[in-house]
J.: 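Quick one: structure below, then a few questions.
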Amino acid sequence: MNIVVLIKQVPDTWSERKLSDGDKTLDRASSDAVLDEINERAVEEALKIKEAGDAEVTILTAGPDRATDAIRKALSMGADKAVHVNDEAIHGSDAIATAKVLAKAIGTVGDVDLVLAGNEATDGRSGAMAGMLGELLGWPSLTHANELTVENGTAKAKRETDEGTSDLEASLPAVVSVGEKINEPRYPSFKGIMAAKKKPVTTLGIADLGLDASEVGLAGSLVQVDSFAPRPPKSGGQKVEDEGDGGAKIAEYLVGQKLI
Amino acid sequence: MDFVETDEHRDLRAAVASVSAPYGGDYYVDHARRGAECTELWHALGDAGYVGVSVPEAYGGGGGGLVELALVCEETAAAGAPMLLLLVTHAISAAVIAEYGTEEQRKEWLPGLASGRDKVVFAITEPGAGSNTHQLATNARREGDEWVIRGEKYYISGVDEAEALLLVARTGTDARGKAQLSLFLVPTDADGLQKVPLPVDVLLPEKQFTLRFDDVRVPASALVGDENQGFRQVFHGLNPERITGAALCVGIARYALAKATRYANDREVWGRPIGTHQGVSHPLAKAKIETELAALMTQKAAWLHDRGLPAGEASNMAKYAAAEAALAACDAAMQTHGGNGVSQEFGLLPYWGLARLLRIAPVNREMVLNFVAQTTLGLPRSY
């Protein structure tokens, strides 16, 4: 089986995240960059399939030079090789333009059976990539999977969202996005770390993918950030007077927040 | 010259830090207070290949060197969970068995040391022979196919957690009256071996023991390396013990300084963070400088050792500087916390206690100064 896992290097959620004043894209210099945690779960799921049978796992990312750190982490977990689309022209791409780039890049990996991704990155939070890729590739997309089984040319997923749980099934090739609960990703082992640097990483520009600069980046995007404002400081919150019904009011609040 | 850490070492640091993070200071301090071994963390680090990072690959280890083992010691300590036994189980025992052990001994002990499921601790110190190894009295005499061991050791760490001891015993006396030493692998459940806890007032997960050997019999195959060559063989493990001890201290210092910095930024008195005041910030800055200097010397010493270059001077200097830096950092961190500096809630005292212990062990400050005075500076020998 030929599996591609999409990964993304994102600003560490613990650091301050900012947009740049100039073109209103992510200010990457202002914060530490890490492999998005949800991607580690996607990698883990691919490695479990590999360990249960026979699969080659290719990591795919579009990002600047320093995305090599995120690629190396995925390779140190146990993936076999990587494709890094690194081209200044991609800077500022919206979700659709990014999906175009990734779809073309998946085409360079050969006959792919399964594309795995996280359901939503912690920075852009569009949560749309798996759906868009499925559309562009003409493959089914199973999103928000918290359980996945792949056998006999079929992918079965348990999709869990706020609306409820559904059981999905699709024939391969397919795109699957995974949720937080699908697994606990492994730590890279020392041997994995030492082996990672020796694994092949193919670096491609958009010309290698048959794309023109006008199709990607800020110019090729339907969505651009027009203006932005920092999140207002925390307000005092909501005060509830306890008139003997405090417990019920707390429960009501928690239900409203979908916490219970 | 290149001071940029390799990608592999950066990744190793990050991975060890992320394995250790879910345990961290609260876990360690809780275990230190109860004198309970940190098995869960040890196993988690073992499963990911970090406990056995320096064990040869052929026996299930990572095939790394002392540079990597020191990074593991530093990062676990910087996460708040210093793993003191790594100094003996891996810096000494695993290295000595890998270097001088027979193929059978390697096969028996290295895989378990690599996975972190077995421990072999180190027994050298005696009531009558501390820093002066030539005076060791515990002896082993050959009787047919067996060695028979008699004597006493003390301040032996982690005996209750270990499957075996790497024991240093006298097997002869040379013409000048100095001990001829040999190394033995002795199971901790051997008949005739009495293990008496030696209480200390430092809060530690690891326990100390007095060991009495009352005609403990081990087979001839328990001898590690060559008979009467123990002194030279032990020295193969002593620099690594100092280097990993230094790395542990660097980690402790980083942990204490991180806690102190957070507190000094958050805690406000008279309307501004206490870190504004130089009386608070300067001791922390000073400790930070000393920590970074100690870290550099520790890395240099590990690098020299891994290349087979003389590492005695650098190991001693690193051990000295790192213990002093860790003590200064813990002391400044406690002072920064005011009354909270000795509270159980902030849990700083166990690190001070460990740092204080590491000014004495594995080699005390004064013996390091003797070494530098005599060997580096060429001053007259003091003892």
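Each chain gets a letter, A, B and so on, in the order its sequence line appears, and its residues count up from 1. When reading the values below, keep in mind they use all heavy atoms of this one structure, side chains included, and skip hydrogens, waters and symmetry mates.
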J.: Would you say that more than 12 heavy atoms from the other residues, nucleotides or ligands in this model lie under 6.0 Å from the CG of Asp12(A), or not?
T.: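 Buried by this count: over 12 neighbours within 6.0 Å.
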J.: Above 12 or not: heavy atoms from other molecules or residues under 6.0 Å from NZ of Lys104(A)?
T.: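 For Lys104(A), atom NZ is not crowded (no more than 12 foreign heavy atoms under 6.0 Å).
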J.: Does atom NZ of Lys199(A) have more than 12 heavy-atom neighbours, drawn from other residues, nucleotides or ligands, at distances under 6.0 Å?
T.: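 Yes, the 6.0 Å shell around NZ holds more than 12 heavy atoms from other groups.
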J.: Counting only non-hydrogen atoms closer than 4.5 Å, can you tell me which residues of residues 175-195 of chain A sit against chain B?
T.: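 Tyr187(A), Pro188(A), Ser189(A), Phe190(A), Lys191(A), Ile193(A), Met194(A), listed by number.
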J.: If you count heavy-atom pairs within less than 4.5 Å of chain A, which of Leu12(B), Asp7(B), Asp47(B), Thr6(B) leads?
T.: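 Highest number of pairs under 4.5 Å: Asp7(B).
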J.: Which residues pass the salt bridge (charged side-chain N to carboxylate O under 4.0 Å, His left out) test with Lys288(B), not counting sequence neighbours?
T.: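 In terms of salt bridge (charged side-chain N to carboxylate O under 4.0 Å, His left out), with neighbours along the sequence ignored, Lys288(B) is linked to Glu292(B).
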J.: Could I get the full list of salt bridge (charged side-chain N to carboxylate O under 4.0 Å, His left out) partners for Glu37(A), not counting sequence neighbours?
T.: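 Expected list: Arg41(A).
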J.: Could you name the residues of residues 47-75 of chain A that have a heavy atom within less than 4.5 Å of a heavy atom in chain B?
T.: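 Answer by number: Asp69(A), Arg72(A).
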J.: Count the heavy atoms belonging to other residues, nucleotides or ligands that lie under 6.0 Å from CD of Glu103(B), then report whether that count exceeds 12.
T.: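 Count over threshold, so yes.
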J.: Can you confirm whether Lys300(B) is buried at NZ, in the sense that more than 12 heavy atoms of other residues, nucleotides or ligands lie under 6.0 Å from that atom?
T.: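 Atom NZ in Lys300(B) is not crowded, with 12 or fewer foreign heavy atoms closer than 6.0 Å.
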J.: Does Arg307(B) have more than 12 heavy atoms from other residues, nucleotides or ligands lying within 6.0 Å of its CZ?
T.: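 Enclosed: over 12 neighbouring heavy atoms sit under 6.0 Å from CZ of Arg307(B).
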J.: Taking every heavy-atom pair that is under 4.5 Å apart, which of Val19(B), Val53(B), Val72(B) has the most such pairs with chain A?
T.: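 Top option by heavy-atom pairs under 4.5 Å: Val19(B).
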